[in-house]
Amino acid sequence: MDKRALSSQAYSYRRDPNVHDFDDTRPIVIMDGECALCARSARLLSRLDKREEFRICPSQSPLGRAVLGHYGLNADDPDTWLYL
């Protein structure tokens, strides 16, 4: 196992130079932006989120790729979703 995965700092994307600063004051859902099922799920989440608490970020975007890469996840795998 990678020792970086065991470090508490490894989980802090704020210190990762590959992840640019972004507004993380509200929950963000990183999900596939090309899969039809994922797009439908994103629309449902958006419609049900009356208080506009969540933000949706496509995993193929630069931010999505950087955050998923930070956690060792594959941005090209449609099964990869991340909730922060």
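Being a predicted model, the structure only gives us computed values, none of them experimental. The analysis underlying the following values was restricted to heavy atoms, covering all of them including side chains, and did not include hydrogens, waters or symmetry mates.
Between Tyr71 and Ile30 the shortest side-chain heavy-atom distance does not fall below 4.5 Å. Val29 has its side chain within reach of Leu45: a pair of non-hydrogen atoms, C-beta onward, lies under 4.5 Å apart. Looking at heavy atoms from C-beta onward, Cys57 lies out of side-chain contact with Phe22 at the 4.5 angstrom threshold.
In terms of heavy-atom proximity, Thr80 sits nearest to Asn74 at OG1-O, 3.1 Å. Residues Cys38 and Asp32 share a closest heavy-atom pair of CB-O, 3.3 Å. The minimum heavy-atom distance between Glu52 and Arg26, with the atom names listed, is O-NH1, 2.6 Å. Looking at every heavy atom in both residues, Gly33 comes nearest to Pro58 through CA-CB, 4.1 Å. Looking at every heavy atom in both residues, Val19 comes nearest to Tyr13 through CB-O, 3.8 Å. Residues Ala75 and Arg65 approach most closely at CB-NH1, 3.5 Å, considering heavy atoms.
In terms of hydrophobic clustering, with Ile, Leu, Val, Met, Phe, Trp and Tyr side chains grouped at heavy-atom distances under 4.5 Å, Ile28 and Ile56 are assigned to different clusters. Using a 4.5 Å cut-off between side-chain heavy atoms of Ile, Leu, Val, Met, Phe, Trp and Tyr, with links allowed through other members, Leu68 and Leu63 fall into the same hydrophobic cluster. Criterion: ILVMFWY side-chain heavy atoms under 4.5 Å apart, direct or through other members. Under it, Leu37 and Trp81 are not part of a common hydrophobic cluster.
Between the side chain of Asp49 and the backbone N or O of Phe54 there is at least one donor-acceptor pair closer than 3.5 Å. Between the side chain of Ser46 and the backbone N or O of Ala42 there is no donor-acceptor pair closer than 3.5 Å.
Note that NE2 of His70 is 6.5 Å distant from OG of Ser12, once rounded to the nearest 0.5 Å.
No more than 12 heavy atoms of other residues, nucleotides or ligands shown are found within 6.0 angstrom of CG on Asp21.
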